[in-house]
Undergrad: 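Quick one: structure below, then a few questions.
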Amino acid sequence: MKILCLGGGPAGLYFAISMKLRDASHQVTVIERNRANDTFGWGVVLSDDALTRMQKNDPESTAAIRDHFAYWDDIAVVHQGQRIVSGGHGFAGIGRKQMLIILQERARELGVDLRFQTEFDSAESYRKDYDLVVGCDGINSRVRSDYASVFKPDIDMRKCKFVWLGTHQKFDDAFTFIFEKTPHGWVWAHVYQFDDNTATFIVECLPETWDRWGFEAMSKEETVETCRKIFAAHLDGHELMSNAAHLRGSAVWMQFPRVICDTWYHENVVLMGDAAATGHFSIGSGSRLAFDSAIALADYLHSEPDMQAAFQRYQDERRVEVLRLQSAARNSLEWFEEVERYLDMPPTQFAYSLLTRSQRISHENLRLRDPDWLRGAEDWFQAQSGGQPGRTPMFAPYRLRDMELVNRIVVSPMAQYRAVDGCPTDWHFVHYAERAKGGAGLVYTEMTCVSPEGRITPGCPGLYAPEHQAAWTRLVDFVHAETPAKLCCQIGHSGRKGSTQVGWEEGDAPLVADNWPLMSASALPWSPANATPRAMSRADMAAVTAQFVAAAEMSENCGFDMIELHAAHGYLISGFISPKSNIRTDEYGGSLENRMRWPLEVFTAMRAVWPAHKPMSVRISANDWVGQDGVTPDEAVQIARMFHEAGADIIDVSAGQTSIDARPVYGRMFQTPFSDRIRNETGIATMAVGNIYEPDHVNSILMAGRADLVCLARPHLADPYWTLHAATQAGDTATRWPLPYLPGRDQARRLAERAAEAIRA
């Protein structure tokens, strides 16, 4: 096969090597516009797993690379005058120039034709002369541009400004992150050693800080000197250096383009490395993506029946892996883009937040890497909470007004559809009692409706009749007598989503018969299949406000510890907040201030009758998932502030379910970033919800300060004793079990200890 690689970086060289290793008869040419010894980067980071794959593919070049590695096991975070070090991370660095020299020598050894200082016009001019043309010409790929209509690149230019520099100061004991507060804003550095004498020193800041420093008008030399002064305390008299001789002035600064192509090949042209997809430097995945893709394509060209089949498999399989890494990289780079919301955290929590920013490193993964450091961080968290050392964050106590929770686990509201005429039944008693016995600190009722017309379905419970109060009181009394759990009554009105079938029938579809009239902010049906609600008048608002107040008063009569106003998921209160459902032209529509007017009236009226010593929360949808046409995360911060100023003690941060046009982005803990943002931008306490199902998730969220309480729904449907079982698996002996269940507790602990011993053996 006659092969041409357009680009002589890591991707092109390693693909050329990989093809020659599989069949020495291949004629492989690499064209590179720069000289052989030119390089515009400093160091390259490779993880242990990347090196393992390279070792299997080509032991010889991998051995040469390893011989030039600077290894480190630790990550150091320097912030607020403290240096916090976590171990067990297993990385290695090598100079980009040295790595290219090794790959060039290996390629020549195998018979690859290397042509440096050679420009190319386009891939099209070579395509007919070669069996295969590989576009590996980097982040600004001309090949990608020439066939943009086929490859369909999605290029997202991120906002932080950064510059690659180097230094002879030693940073050989850890990958180091340094955060410096300057007169013009925060500036930080990603620093790692890559040979005996040199470390990469990437300086980064937000564009607003960059502007205030005046970097736009500085020469390259002035930029380097300014960065040196900012980090002088960490350089011990050493200089910072630039090797970008081809760049002038502010051109040394870059913004990272996140690139992913819809298609990776066209005819006999295929993309590789940064030309196909980029990986952000903050997780060190760019070189790994290049090497892995080179290995994969070389394999498939020798295993598949023809080139097109090889290309398709390469695209299908590598794209999945790239998207996985890009997801982690996006989490990481977004953390740095929003880093100023975290910089006031205590240093231990800030370091934990940084370490877990990509979600590739979880709480228990940190325990495997550095158990001593994590144990110290957990004890710090417990000390801040008034808890016991030796316990994980999920078992830290928490206080809202006079309500004290024994842990941070919340049984999230989950509709049961078992009420009769709004009255809870024995089903509800057993359901909630079991989950309270199961160890959670706080147990929510499902949305409890303020009127018959405010129900979602005929099976939804209410608080608008004496028999309702009696049934809820029976439950509350049992839970308080037999468990340490607290109970929250979530109070709401269905709005335009009412008069529908229960969840396991045709959810959200209207009842087959006996539908009741609906009301909402505007006369807009939930869907074309649903009835059109009437737009509420001022008289309607006054009447419904009185119903919410009556439900709050009944909640106090029942003995509930806390109440929550349901202002999410497209129900009545949410219908006023979201511009997708509120198109009013009076003082209750239009601006966010107007859309929040009646929801705040309702909340304020409820807070006025709810005892001052008891907490009150609000559940909001922090993102309508419809772009700028609905509530956005930016607006959610304002919504949270408004409710907090009205007296909300904590914001229950959910998202979506407000429009059939929503296009949510699902994933593990997918709604937690909204809680994180509200909590750390405003200082308001939050609860996180949404696809949280493991103790590892809970501990990560709490320890990183992304929420104060964590809500789990479906895990509690599958296992009412989720919290007790999590305590057993964690070896937590301080969690209280119901007295009749102590023999079961003891057996569970013995079995967990045996399982742990078997793993250690």
Side-chain angles (χ1 to χ4, degrees), residues 74-87 89 174-182 185-190 206 233-234 282 331-332 334-359 361-367 369-400 405 407-408 644 649-651 653 672-673 675-688 696-710:
D74 294 345
I75 292 177
V77 181
V78 181
H79 175 47
Q80 294 184 13
Q82 293 191 35
R83 185 174 188 267
I84 295 177
V85 181
S86 164
H89 299 282
F175 193 121
T176 302
F177 295 95
I178 305 170
F179 295 85
E180 282 292 324
K181 189 172 186 178
T182 77
W186 285 89
V187 183
W188 56 93
H190 312 240
L206 291 169
H234 311 280
S282 66
N331 294 336
S332 177
E334 286 179 352
W335 188 91
F336 283 103
E337 288 176 343
E338 306 297 341
V339 72
E340 294 194 359
R341 75 169 62 136
Y342 307 117
L343 285 161
D344 289 332
M345 283 181 168
T348 296
Q349 189 165 51
F350 178 78
Y352 183 98
S353 180
L354 186 150
L355 291 169
T356 59
R357 69 194 182 280
S358 72
Q359 296 186 13
I361 297 177
S362 67
H363 195 80
E364 292 308 314
N365 186 259
L366 269 179
R367 195 182 308 283
R369 292 168 185 244
D370 193 340
D372 292 338
W373 184 86
L374 185 64
R375 193 174 302 111
E378 289 177 334
D379 288 349
W380 169 86
F381 188 90
Q382 289 287 345
Q384 308 308 302
S385 308
Q388 302 173 36
R391 306 186 78 189
T392 59
M394 64 184 283
F395 297 114
Y398 190 68
R399 184 185 180 96
L400 286 168
L405 303 178
N407 59 51
R408 306 296 184 101
H644 180 66
D649 300 287
I650 192 166
I651 305 298
V653 188
T672 301
S675 166
D676 182 339
R677 178 173 183 180
I678 290 170
R679 183 183 188 274
N680 291 301
E681 283 191 13
T682 68
I684 300 169
T686 62
M687 290 187 268
D696 197 19
H697 301 162
V698 177
N699 288 319
S700 295
I701 290 167
L702 294 170
M703 188 72 220
R706 297 180 180 119
D708 299 277
L709 297 174
V710 180

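Sequence positions, counted from 1, serve as the residue numbers for this chain.
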Undergrad: Thr356 versus Arg706: any side-chain heavy-atom pair under 4.5 Å?
TA: yes
Undergrad: For the atom pair CD1 (Ile650) and CD1 (Ile678), what is the distance rounded to the nearest 0.5 Å?
TA: 11.5 Å
Undergrad: Could you give the distance from CD1 (Ile651) to CZ (Arg679), rounded to the nearest 0.5 Å?
TA: 13.5 Å
Undergrad: Answer whether the closest heavy-atom distance between the side chains of Val78 and His234 falls below 4.5 Å.
TA: yes
Undergrad: Please determine whether salt bridge (charged side-chain N to carboxylate O under 4.0 Å, His left out) holds for the pair Glu378 and Arg375, giving the CA-CA distance in whole Å, both sets of side-chain angles, and the decisive distance to 0.1 Å.
TA: CA-CA 5 Å; Glu378 289 177 334; Arg375 193 174 302 111; over 6 Å; no
Undergrad: Given side chain to side chain donor-acceptor pair (under 3.5 Å), test Ser332 with Ser282 step by step and report yes or no.
TA: CA-CA 7 Å; Ser332 177; Ser282 66; 2.6 Å; yes
Undergrad: Could I get the full list of side chain to side chain contact (heavy atoms under 4.5 Å, CB included) partners for Pro397, not counting sequence neighbours?
TA: Gln382, Ser385
Undergrad: Answer with yes or no after comparing the ring centroid distance for Phe175 and His89 against a 6.0 Å cut-off, counting only values under it.
TA: no
Undergrad: Evaluate the ring planes of Tyr342 and Trp335, with Trp represented by its six-membered ring, and classify them as parallel (under 30°), tilted (30 to 60°) or perpendicular (over 60°).
TA: parallel
Undergrad: I'd like to check Val710 versus Met394 (side-chain heavy atoms, cut-off strictly below 4.5 Å). Are they in contact?
TA: no
Undergrad: Examine the side chains of Ser675 and Thr686 and answer whether a donor and an acceptor come within less than 3.5 Å of each other.
TA: yes
Undergrad: Could you tell me if the side chain of Trp188 sits less than 4.5 Å from the side chain of Leu343, heavy atoms only?
TA: no
Undergrad: Heavy-atom distance under 4.5 Å between the side chains of Ile84 and Trp373, does that happen here?
TA: yes
Undergrad: Return yes if some donor-acceptor pair links the side-chain N/O of Asn331 with the main-chain N/O of Ser358 below 3.5 Å, else return no.
TA: yes
Undergrad: Mind checking the CG-NE2 spacing from Asn699 to His363? Nearest 0.5 Å is all I need.
TA: 4.5 Å
Undergrad: Taking all heavy atoms of Arg83 and all of Ala174, pick out the closest pair and write down the distance.
TA: NH2-CB, 4.0 Å
Undergrad: Is the shortest heavy-atom distance from the side chain of Val85 to the side chain of Ile75 under 4.5 Å?
TA: no
Undergrad: Does either side chain, that of Arg677 or that of Thr672, offer a donor lying less than 3.5 Å from an acceptor on the other one?
TA: no
Undergrad: Between atom CZ of Arg408 and atom OG1 of Thr392, what is the distance when rounded to the nearest 0.5 Å?
TA: 11.0 Å
Undergrad: To the nearest 0.5 Å, tell me how far Tyr398 OH sits from Leu709 CG.
TA: 6.0 Å
Undergrad: What closest approach, in Å, do Ser700 and Tyr352 show between heavy atoms, and which atom pair accounts for it?
TA: CA-OH, 3.2 Å
Undergrad: Would you kindly say whether Asp696 and Ser362 are connected by a side-chain donor-acceptor distance under 3.5 Å?
TA: yes
Undergrad: Can you sort out the partners of His697 under ring pair (Phe, Tyr, Trp, His ring centres under 6.0 Å), two or more places apart, ordered by chain and number?
TA: Tyr693
Undergrad: Test ring pair (Phe, Tyr, Trp, His ring centres under 6.0 Å) on Phe179 and Phe350 and set out the steps.
TA: CA-CA 11 Å; Phe179 295 85; Phe350 178 78; 4.9 Å; yes
Undergrad: Quick one: does any side-chain atom of Ser353 pair with a main-chain N or O of Ala351 as donor and acceptor, under 3.5 Å?
TA: no
Undergrad: Between Arg369 and Leu366 (side chain of the first, backbone of the second, donor and acceptor by atom type, cut-off under 3.5 Å), is there such a pair?
TA: no
Undergrad: His644 and Ile684: which non-hydrogen atoms are nearest, and at how many Å?
TA: CB-CD1, 3.5 Å
Undergrad: Got a second to check how far Ile701's CD1 is from Asp708's CG, nearest 0.5 Å?
TA: 11.5 Å
Undergrad: Give me the atom names and distance for the closest heavy-atom approach of Phe336 to Leu206.
TA: O-CD2, 4.5 Å
Undergrad: With a 4.5 Å cut-off on side-chain heavy atoms, are His79 and Lys181 touching?
TA: no
Undergrad: If we ignore hydrogens and angles and just use 3.5 Å, is the side chain of Asn407 paired with the main-chain N or O of Phe395 as donor and acceptor?
TA: no
